[in-house]
Amino acid sequence: MSREATSFKVLTEEIIEKGECARCGACVELCPYLSLYEGAIVYPDACDLTGGRCLSFCPKGPLDLEALARMCWNGPYEGTPLGPVSKVVMARVPGSAGAQYGGVVTALVRAAVSENGMAGALLTAWKDRAYPEGAVLDDPGDLPYHGGVHYAAGYGLAALNRFRKSNPSPLTIVGLPCQAMALRRMHALDHERNIHRNKDDLVIGLFCTWALEPRPFREEMIRRFGSRRVTRYDIPPPPANRFDVFFEDGDKAEIPLDVIRSLVNPGCRTCLDMTAEFADISVGAAEGFEGWNTVIIRTPKGAALFERLNGERIIETRALPVASLAHLSEAAAMKKKKALNALAEKDLLDNRVTLPSGTREAIFNFQPGGGK
Amino acid sequence: MPPRHPVTLNEPGRAELLMGNEAIARGALEAGVRVAAAYPGNPSSEIIETLARASDPKRLHVQWSVNEKVALEVAAGASFFGLRALAAMKQNGLNVAYDFLTNLNLCGVKGGLVVVVCDDPGGISSSNEQDTRFMARLTDIPLLEVSGFENARDMVRYAFDLSESTGSVFMVRSVTRISHGRGPVTFGPLPEISGNPRFEPGEAFTPFPILAKHERRHEVLKGLEETFSASPFNTYTGPDDPELIVVTSGIGVLFSEEALDLLEVRDRVGIARMGTTWPLPLTWIGNILEKSTRFLVVEEVDPFIENNLKEFLGGNTRRFGTKTVYGKASGHIPSVGGLAPEHVIGALETLLEVSYEPRPRAYIRLVKEKTSGLVIDRALGFCPGCPHRASFWAIKNALAKDGRKGIVTGDIGCYAMAMWPSGYSVAKTLQAMGSGIGVAAGMGILDTMGKDQPVIAVCGDSTFFHAAIPALVNTRFNTSPFVTIILDNSATAMTGFQPHPGTGMTCMGQSVDPIEVEDICRSIGFAVKTLDPFDLPATEAAVLEALRADRPQVLIFKRTCALLALKETGKAYRMRVDAERCIGEACGCDRYCTRVFKCPGLIWNPETEKAEIDEAICTGCGVCADICPERAIHREILS
Ligand SMILES: Cc1cc2nc3c(=O)[nH]c(=O)nc-3n(C[C@H](O)[C@H](O)[C@H](O)COP(=O)(O)OP(=O)(O)OC[C@H]3O[C@@H](n4cnc5c(N)ncnc54)[C@H](O)[C@@H]3O)c2cc1C
Ligand code: SF4
Ligand code: SF4
Ligand code: SF4
Ligand code: SF4
């Protein structure tokens, strides 16, 4: 008797154990079978259901990009480097201490949670913790403490699954590209026990080239620095080629970027998205402009929020230089190319990830300067 | 003091339906046994349990020793002082006692000393099905095999007499189907107990000089060849010149008789029942071998008689000419597992070219129909409310969280079931009593060679006293970083709740200061942590922490066996599944309680598609309430 492989089996054997997991957290804490412990998904028991939420939510699960794009964007998936863009600008929050770069993300969150119906924000908290993890904040007063990034993936969406068990309200969610994609799948899945269906969440995406694998990164940090408390990590723009670690006591240490690269989460290698294309608004660094962010406004919802901040003069903006935009597109296109190659190498193209015909060629043929 | 058992009554002529093990005990009583010692083990446990009911500090000392070797040593001590003594054990137990036995044989005995070994063909309640008869031959001691109930009583009495007259340890072998079967026994008289134990000046019991003592063994065996030939335990029934003779021992005797009757071939086939299997009763067996040319040997488990016969025939070809011996080597009798009458019938059908019609097919079908459903189909597993289930739940989860693909080395006891789904299949090795810790110690030392998988050894409380202490001392001495978990359920549960040093009670009903497992571990030098396995989060956290340590760790999971707890304190909670909350097979649960946790107290109702509590067997331990993802299982405190 041939049976359809269970969702759990595909997720654990084909995705997690084959190094495909992005560590977004969407599959975690939906049930007793998949839970989180110290930066890893643990699954002591096997579930034998098919068509489960875990695999349907997973951004690395069977995925038809065209279908997802049509549903989220009302348009095709064309493989353009930055995805759908309504506007790209540079922005910053003057005097935002503790932020990674310009503090735009924290400012967006602060504005969004004050809107009607929002129950709070889902962030990735990491300070004073061994591992980054999702946390739902309902007090905007706590926000400044949660600025800055941890470069290890944090399974933040696990906290969303936990939260929604008792609270159906929409949230403002800050996430990496994989998490933005997972969120859209969570919003869309037609399943009687999908607690996220049609939720009016606001999604703030972060740019991301890769994230680190949590346990090995922590081991490396402990090996180098024991349990010294870190307040900030940063990857200064090329040609610095370093990873900077800032300690609570004001000290700073550098780790060669190659060492850090060896700790990259393998699942990131097949990720096509650098700029969180499925977010309402995406934020990243503005290379060469210290203290500024690059912001990609994508949806009307994202635009409205950004305009509100702009109007209230909470943020200041300036045009993104053409060269910077070209550089950003090139980096994003490069990530797509590498991911396509990696997907092909792992024989996952068409088997797991389906792209519309022509899109593959469009990605490989992308010429710098030709992006939207 | 345990209540008197009919077996203990001095009423000659009284007939009782006795279990094989009770008949063995009765034989020992009729032989005037003064000391009996054993370590519990199926199928031998009832021998000591029965004798305990006749125990009396002045006349008969009975004890559960910590292991079989000590039991045999205790019995030998009494024998050296001139008293009759018995040590009982299961087949695996003989291995533990064997080191001592292989020296004791040379030393000789004074008071009759009988070792009763109950083999477990098929390994029904054992980790192997070893045939211990070879071990008697290997160490040059005489071997008798019981083949019935009255026969067992008689044979034990006979063994004591001969043991004393030859100054030799005797081994009596029983098997599960006799030890646990029942049959009528008519009592003989119980002897007057008199005389004080005494060690005479000039006596000594040592194996030296070894060669002379070894020689002496051979002389005793030589003499017994003739004694056994005259023994009433070797009998022949059948024609004077049969086509075939069935040579059989033990339960094989009963099955062979049945086969001969069912096939109605008594006029063609003789049956030679052998009660004294080592040394071969040469005169008797020589006569048998001369009667026919074809022999079928029927015995459990290995070809012991079969090989000995062939050896004897091979050495006497001139006398016997060409004979054919069928049995295990020829494939007529299965070479593994316990016997059944069908096996003998099958062999005789081929050898005699007869055929046997069992009952008509329609009848068999009817029986199947009528009996199906009478017995609930249940997988081998822990009882409802068993603390081991909670323990292995915590261990399984801790290993998953630890994430280094750690393993568990198992040991002998109920918790051996941890190699199956009831214990979440966490245990990956299983050998002898106490070997879980020893094997883990061998794994732990590999850390310095690059091993990165942690190891947990589990060990029960009774097993701890039996054989685990040396391994634990070794672990401390030759430091090996692994985690020992002692599953202390305050019982030797698997074999029937016999007391052990930690329970504070002897089998003679005396209360003594219990020896705490924790104290022993501490004094070896471990920082011991004791946990209640029903507190799943704390237990899991402790295991995780221990797994991360780089020195050997000892945890004790203490919780009384569910069966004892139910008897002693009753149910703690009344359990209920809230059908409104239960999501059953839906995504988010997938029958977590009945499909994964697997306490038999929880049942899946396919009609309502909800879980339910089986009130009749749920022990009210309350653990399942903590594992339900929907908090649908409720506990109600019972006063
Ligand atoms: C793993 C990782 C890789 C990144 N790679 C790039 C890159 O290649 N190029 C680029 O331009 N930008 C990258 N970023 C984004 C960048 O670091 C900043 O987060 C972004 O520019 C916003 O800056 P800010 O000053 O507005 O942030 P802040 O206002 O300080 O807000 C930071 C936000 O990041 C969230 N966060 C922190 N750690 C994580 C995490 N592990 N996972 C998810 N969310 C987290 C917090 O919840 C917080 O809301 C990356 C971020 C992460 C987490
Ligand atoms: S989310 Fe559903 S399908 Fe997936 S493991 Fe959990 S119960 Fe099973
Ligand atoms: S990518 Fe996200 S949803 Fe998929 S397995 Fe990893 S954590 Fe789970
Ligand atoms: S309370 Fe639950 S776990 Fe305990 S015996 Fe009853 S059904 Fe089993
Ligand atoms: S674990 Fe809870 S929700 Fe799941 S079947 Fe059992 S009682 Fe129902």
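Predicted model only: the values in this text are computed from it and were never measured. Throughout, protein chains are lettered first and strands after them, A, B, ... in sequence-line order, and every chain is numbered starting at 1.
In this structure, the portion of A:Arg193 lying under 4.5 Å from any heavy atom of chain B is its side chain and not its backbone. The part of B:Ile583 that comes within reach of chain A is its side chain, from C-beta onward, which places non-hydrogen atoms under 4.5 angstrom from that chain. Of the two parts of A:Leu49, the backbone and the side chain both hold a non-hydrogen atom closer than 4.5 Å to a non-hydrogen atom of chain B.
Judged by distance alone, with hydrogens and angles left aside, the side-chain atoms of B:Asp590 form no donor-acceptor pair with the main-chain N or O of A:Cys47 at under 3.5 Å. Remark: side-chain polar atoms of B:Tyr592 are not paired, donor with acceptor, to backbone N or O of A:Tyr33 under 3.5 angstrom.
Counting non-hydrogen atoms of other residues, nucleotides and ligands closer than 6.0 Å to CZ of B:Arg551 gives a total of 12 or fewer. Heavy-atom neighbours of A:Glu17 CD from other residues, nucleotides or ligands within 6.0 Å: above the threshold of 12. Annotation: A:Lys9, atom NZ; neighbour count of heavy atoms from other residues, nucleotides and ligands within 6.0 Å does not exceed 12.
Using a 4.5 Å cut-off on side-chain heavy atoms (C-beta onward), B:Pro629 and A:Pro32 make contact. Side-chain contact between A:Tyr37 and B:Asn397 is absent, with no heavy-atom pair separated by less than 4.5 Å.
Listed options B:Asp402, B:Leu544, B:Ile627 were ranked by heavy-atom pairs under 4.5 angstrom with chain A; first place goes to B:Leu544. In terms of heavy-atom pairs under 4.5 Å with chain A, the best-connected choice from B:Cys628, B:Cys589, B:Gly403 is B:Cys589. Annotation: maximal heavy-atom pairing with chain A below 4.5 Å, among B:Arg595, B:Glu630, B:Lys396, occurs at B:Arg595.
Put simply, the residue from B:Lys401, B:Arg404, B:Arg548 that forms a salt bridge (charged side-chain N to carboxylate O under 4.0 Å, His left out) with A:Glu38 is B:Arg548.
Here CG of A:Asp48 is found 7.0 Å from CZ of B:Arg591. Values are rounded to the nearest 0.5 Å.
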